[in-house]
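Accompanying notes for the structure given below.
Because the structure is a prediction, the values reported are computed rather than measured. Below, each value reflects all heavy atoms present in this structure, side chains not excepted, and no hydrogens, waters or symmetry copies.
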Amino acid sequence: MTIFLDSAGSSLPPREVLDEVIGHLRREAEVGGYVAARERADDLEAGYGVFAELLGARPDEVAFTDSATRSWLTAFDAVPLVAGDRVLFSEAEYAGTAIPILRRAREVGATAEAVPSDAFGQVDVDALKEMLDERVKLVSLVHVPTNSGLVNPAREVAEAAHAVGALVLLDACQSIGQLPVRADELGVDLIAGTGRKWLRGPRGTGVLVVRREAAARMRPRLVDLHSAEWVAPDEIRLRDDARVHEIWESSVADRLGLVAAARYALAKGIDVIEREVGERAQRLRDGLSALPGVTVRDPGVRKAGLVTFTVDGVAAADVRDRLARDGVTVTVSGASSTLLDMTRRGLDEVVRASPHYFVEPAQVDQAVAAVSRCAR
Ligand SMILES: *Cc1c(COP(=O)(O)O)cnc(C)c1O
């Protein structure tokens with residue numbers, strides 16, 4: 001009935017994920033959360049291997065959290081920063097990561113600088129190289145932003161940053177589950193991702209990859225009795241794997257659901273998903289581009305499954321609401337979520353439509369027809 005075009009917001013979990021989450025909640029109600037978790041200990045442990053496979057890392061380089069933002073924040077907090085250091089970030093940076101960069105830089109006396117975009121709207125790697133020096137301790141890069149179909153050149157950014165010894169933290173919130181995102185191929189040090197978007201996992205789940213070479217240079221501070229051990233009255237010992245970034249408490253049902261979502265994506269094949277999402281997104285862009293009064297707003301050379309557009313004279317929220325009446329689910333991305341990018345492009349807001357592989361091409365065409373009714 002509904003045409004669901006919001007996998008960039010919070011997607012529709014498959015049956016396998018739902019069964020895992022609900023099944024575990026029922027089991028907790030029968031035997032209590034501790035016993036229920038013990039019964040699934042092997043599956044929970046196997047989850048690190050599943051995400052290692054998905055993200056091109058080793059199982060001991062994977063940590064689970066309650067959101068992409070939590071993953072990003074815990075990693076960022078562990079990167080040492082002192083007065084005079086520099087942090088570089090992408091122009092399409094999400095406000096949720098730009099805000100902590102700006103706040104901490106001010107607090108410690110470091111600088112936070114945006115890397116300009118090139119003519120195609122991607123991070124300008126030549127400009128980045130000009131900016132890099134030994135004072136740059138971290139480059140924060142959004143892989144696919146929240147407000148367009150852009151895919152940033154992560155591998156090129158990582159190579160350039162590593163030449164001066166800077167760590168690279170990749171916000172892969174919008175790419176994990178729709179594109180191959182592999183630490184070994186991209187060469188990035190840290191990857192933050194969410195369950196609820198393209199991976200089709202439960203809300204309130206996140207993953208963090210910390211590569212071993214990077215871990216040696218980080219100082220995790222937000223540690224508890226899971227990430228560290230109290231071994232003598234005045235002595236603690238931190239875990240030596242990525243789980244030093246986890247804390248003890250978590251939703252076991254959601255974790256199991258997240259792992260089920262990753263298994264589901266791997267079984268379908270990330271390359272197949274990328275192709276099917278890409279075909280639907282391109283079909284949508286082509287259809288929208290042909291409509292008078294509608295402008296597609298996606299920069300980038302390589303494009304992902306987020307399709308953004310504006311309709312002349314119609315507010316984005318009105319487009320969203322009118323489409324909802326026609327059974328089409330989209331969302332709105334406002335300027336404050338990606339302030340630098342939207343300001344540079346002179347945009348206050350865009351409508352965001354993000355078709356996953358489960359959206360039929362005919363439904364994409366119906367969505368285009370619904371937008372054409374808004375534009376009239
Ligand atoms: C959604 C999003 C986030 C934050 O994800 P949460 O699950 O809300 O923590 C970070 N970066 C980008 C680009 C996003 O689209």
Side-chain angles (χ1 to χ4, degrees), residues 55-58 61-63 68-69 71-118 122-145 150-173 175-176 181-193 208-222 242 244-245 340-341:
L55 300 176
R58 296 160 31 122
E61 294 175 322
V62 173
T69 301
S71 295
W72 194 97
L73 287 173
T74 182
F76 178 60
D77 187 79
V79 175
L81 273 188
V82 298
D85 286 345
R86 301 169 65 207
V87 177
L88 305 186
F89 60 95
S90 40
E91 207 170 39
E93 197 85 1
Y94 185 60
T97 65
I99 288 168
I101 291 173
L102 293 169
R103 172 161 166 74
R104 186 154 168 235
R106 178 157 306 170
E107 207 167 66
V108 304
T111 60
E113 302 155 60
V115 182
S117 304
D118 66 15
Q122 350 172 77
V123 167
D124 186 333
V125 179
D126 290 330
L128 169 67
K129 287 177 182 164
E130 291 286 312
M131 294 173 80
L132 285 167
D133 63 23
E134 278 68 27
R135 292 173 299 160
V136 177
K137 294 299 170 344
L138 179 73
V139 176
S140 173
L141 178 70
V142 67
H143 199 194
V144 172
L150 169 72
V151 183
N152 265 323
R155 188 185 316 147
E156 289 80 355
V157 167
E159 263 172 34
H162 287 165
V164 298
L167 292 171
V168 177
L169 169 47
L170 187 72
D171 172 359
C173 216
S175 50
I176 290 176
V181 180
R182 296 184 57 92
D184 53 1
E185 283 170 11
L186 298 177
V188 297
D189 303 286
L190 303 156
I191 299 176
L208 173 66
V209 169
V210 180
R211 303 201 75 194
R212 271 204 301 176
E213 309 74 53
R217 296 164 53 194
M218 294 169 68
R219 296 285 171 273
R221 298 191 298 180
L222 310 173
V244 71
H245 296 283
L340 293 183
D341 175 68

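Leu150 is not listed as a side-chain neighbour of Val144, based on a closest heavy-atom distance of 4.5 Å or more. With contacts defined as side-chain heavy-atom distances shorter than 4.5 Å, the pair Leu81/Arg104 qualifies. Put simply, the side chain of Arg58 does not reach to within 4.5 Å of the side chain of Arg211, judged on heavy atoms. Taking 4.5 Å as the limit, every side-chain heavy atom of Phe89 sits out of range of all side-chain heavy atoms of Leu138. By the 4.5 Å heavy-atom criterion applied to side chains, Thr111 and Val87 are not counted as neighbours. Residues Asp189 and Glu213 fail the side-chain proximity criterion, which asks for heavy atoms closer than 4.5 Å. Under the 4.5 Å side-chain criterion, counting only non-hydrogen atoms from C-beta, Val151 is not in contact with Ser175.
Judged as a salt bridge (Lys or Arg N to Asp or Glu O under 4.0 Å), and not counting sequence neighbours, the contacts of Asp184 are Arg182. Evaluation of the side-chain contact (heavy atoms from CB on, under 4.5 Å) rule for Pro80 yields Arg219 as partners, not counting sequence neighbours. Partners of Arg155 by salt bridge (Lys or Arg N to Asp or Glu O under 4.0 Å), not counting sequence neighbours: none found. Glu107 is linked by a salt bridge (Lys or Arg N to Asp or Glu O under 4.0 Å) to Arg103, counting only residues two or more places apart in sequence or in another chain. Applying the side chain to side chain donor-acceptor pair (under 3.5 Å) test to Asp126 and every residue at least two apart in sequence or in another chain returns nothing. Partners of Arg217 under the side chain to side chain donor-acceptor pair (under 3.5 Å) rule, at least two apart in sequence or in another chain, do not exist in this structure. Scanning for side-chain contact (heavy atoms from CB on, under 4.5 Å) contacts around Leu128 gives Leu88, Val115, Leu132, Val157, Ala160, with sequence neighbours left out. Every residue two or more places apart in sequence or in another chain was checked for a side chain to side chain donor-acceptor pair (under 3.5 Å) with Glu156, and none qualifies. Under the rule for a side-chain contact (heavy atoms from CB on, under 4.5 Å), the partners of Ala215 that lie at least two apart in sequence or sit in another chain are Val210. Applying the side chain to side chain donor-acceptor pair (under 3.5 Å) criterion to Asn152, with sequence neighbours excluded, gives no partner residue.
With values rounded to the nearest 0.5 angstrom, Leu190 atom CG is found 10.0 Å from Trp72 atom CH2.
Scanning all heavy atoms of the two residues, the minimum distance from Asp341 to Ala92 falls at CB-CA, 3.9 Å. For the residue pair Ala158 and Gly187, the shortest heavy atom distance occurs at CB-O, 3.7 Å. Taking every heavy atom of both residues into account, Ala68 and Ala192 meet most closely at O-CB, 3.9 Å. Looking at every heavy atom in both residues, His245 comes nearest to Ala63 through CB-CB, 4.4 Å. In this structure, Met218 and Ala75 approach most closely via the heavy-atom pair CE-O, 3.5 Å. Between Ala112 and Ile101 the shortest heavy-atom distance is CB-CG2, 3.7 Å.
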(Q) Assess the residue pair Ile191 and Val181 against the criterion (side chain to side chain contact (heavy atoms under 4.5 Å, CB included)); give the C-alpha distance rounded to whole Å, side-chain angles, the decisive distance to 0.1 Å, and a yes or no. (A) CA-CA 9 Å; Ile191 299 176; Val181 180; 4.2 Å; yes
Q: Quick one: do Leu55 and Ile176 satisfy side chain to side chain contact (heavy atoms under 4.5 Å, CB included)? Show the steps, please.
A: CA-CA 8 Å; Leu55 300 176; Ile176 290 176; 3.8 Å; yes
Please list every donor-acceptor pair under 3.5 Å in which a side-chain atom of residues 163-172 meets a protein atom from a residue at least two apart or in another chain.
from	atom 1	to	atom 2	distance (Å)
Asp171	OD1	Cys173	N	3.1

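Sorted by first and then second residue, the side chain to side chain donor-acceptor pair (under 3.5 Å) pairs involving residues 75-96 (not counting sequence neighbours) are Asp77-Arg221, Asp85-Lys137, Arg86-Glu113, Arg86-Asp133, Ser90-Glu93, Glu91-Ser117, Glu91-Arg344, Glu93-Thr97, Glu93-Ser140.
No more than 12 heavy atoms of other residues, nucleotides or ligands sit less than 6.0 Å from atom CD of Glu130.
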